[in-house]
Amino acid sequence: ARVLAARVLAEDADDAAMARVRVLFEESGLSLHELGLRMGYEPELARQSVFQFMKAKDPRISMLRWFARAMGMTVQELIGEGKRKKGNGA
């Protein structure tokens with residue numbers, strides 16, 4: 001039961017992270033190609049690579065890191081951990 005609960009929590013966290021990725025992408029106004037270039041992909045692979053990333057349900061941490069860097073933030077800020085730290089200092 002504990003293993004199942006841990007998996008559900010992990011899946012919820014993954015879903016939340018990717019939901020945030022999608023919102024940030026939409027708000028950025030960037031095209032898939034532009035984001036792919038910012039993430040470090042070769043021009044001929046940029047659009048398709050980001051398209052696949054956006055469909056991911058369980059992204060690799062490296063992909064989240066590349067996305068965060070492309071958006072000018074840290075992975076901690078991307079997944080919401082940065083908010084907690086800021087709130088503790090106030």
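Here, residue 1 is the first one in the sequence, and each next residue gets the next number.
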- Message: Looking at every heavy atom in both Ile79 and Ala17, which two are closest together, and how far apart are they?
- Response: CG2-CB, 4.0 Å
- Considering only heavy atoms from C-beta outward, does the side chain of Met54 approach that of Phe67 to under 4.5 Å? yes
- Heavy atoms of Met18 and Ala56 approach each other most closely as CG-O, 3.5 Å
- Is the backbone N or O of Thr74 less than 3.5 Å from a side-chain atom of Glu77, with the two atoms forming a donor-acceptor pair by type? yes
- Between Phe25 and Leu32, which heavy-atom pair has the shortest distance, and what is it? CZ-CD2, 3.7 Å
- Task: Check Ser28 against Met71 and note the closest heavy-atom contact, atom names and distance.
- Result: CB-CE, 3.4 Å
- Do Leu37 and Glu42 come close enough that some side-chain heavy atom pair is under 4.5 Å? no
- Separation between CZ (Arg22) and NZ (Lys55), nearest 0.5 Å, reads 11.0 Å
- Task: Can you see which heavy atom on Val50 is nearest to which on Leu35, and at what distance?
- Result: CG1-CD2, 3.6 Å
- Query: NE2 of His33 to OG of Ser49: how many Å apart, nearest 0.5 Å?
  - Reply: 11.0 Å
- Message: I'd like to know if the side chain of Glu26 reaches the main chain of Val23, judged simply by a donor and an acceptor atom lying under 3.5 Å from each other, with no hydrogens or angles considered.
- Response: no
- Query: Using 30° and 60° as the class limits, which term best fits the ring planes of Tyr41 and Trp66: parallel, tilted or perpendicular?
  - Reply: perpendicular
- Message: How close do Met73 and Arg20 get, counting heavy atoms only, and between which atoms?
- Response: CE-NH2, 4.3 Å
- Task: Test side-chain contact (heavy atoms from CB on, under 4.5 Å) on Met39 and Arg69 and set out the steps.
- Result: CA-CA 7 Å; Met39 288 176 70; Arg69 193 174 302 134; over 6 Å; no
- Could you walk me through whether Phe53 and Arg60 pass side-chain contact (heavy atoms from CB on, under 4.5 Å), step by step? CA-CA 9 Å; Phe53 169 61; Arg60 295 187 328 236; over 6 Å; no
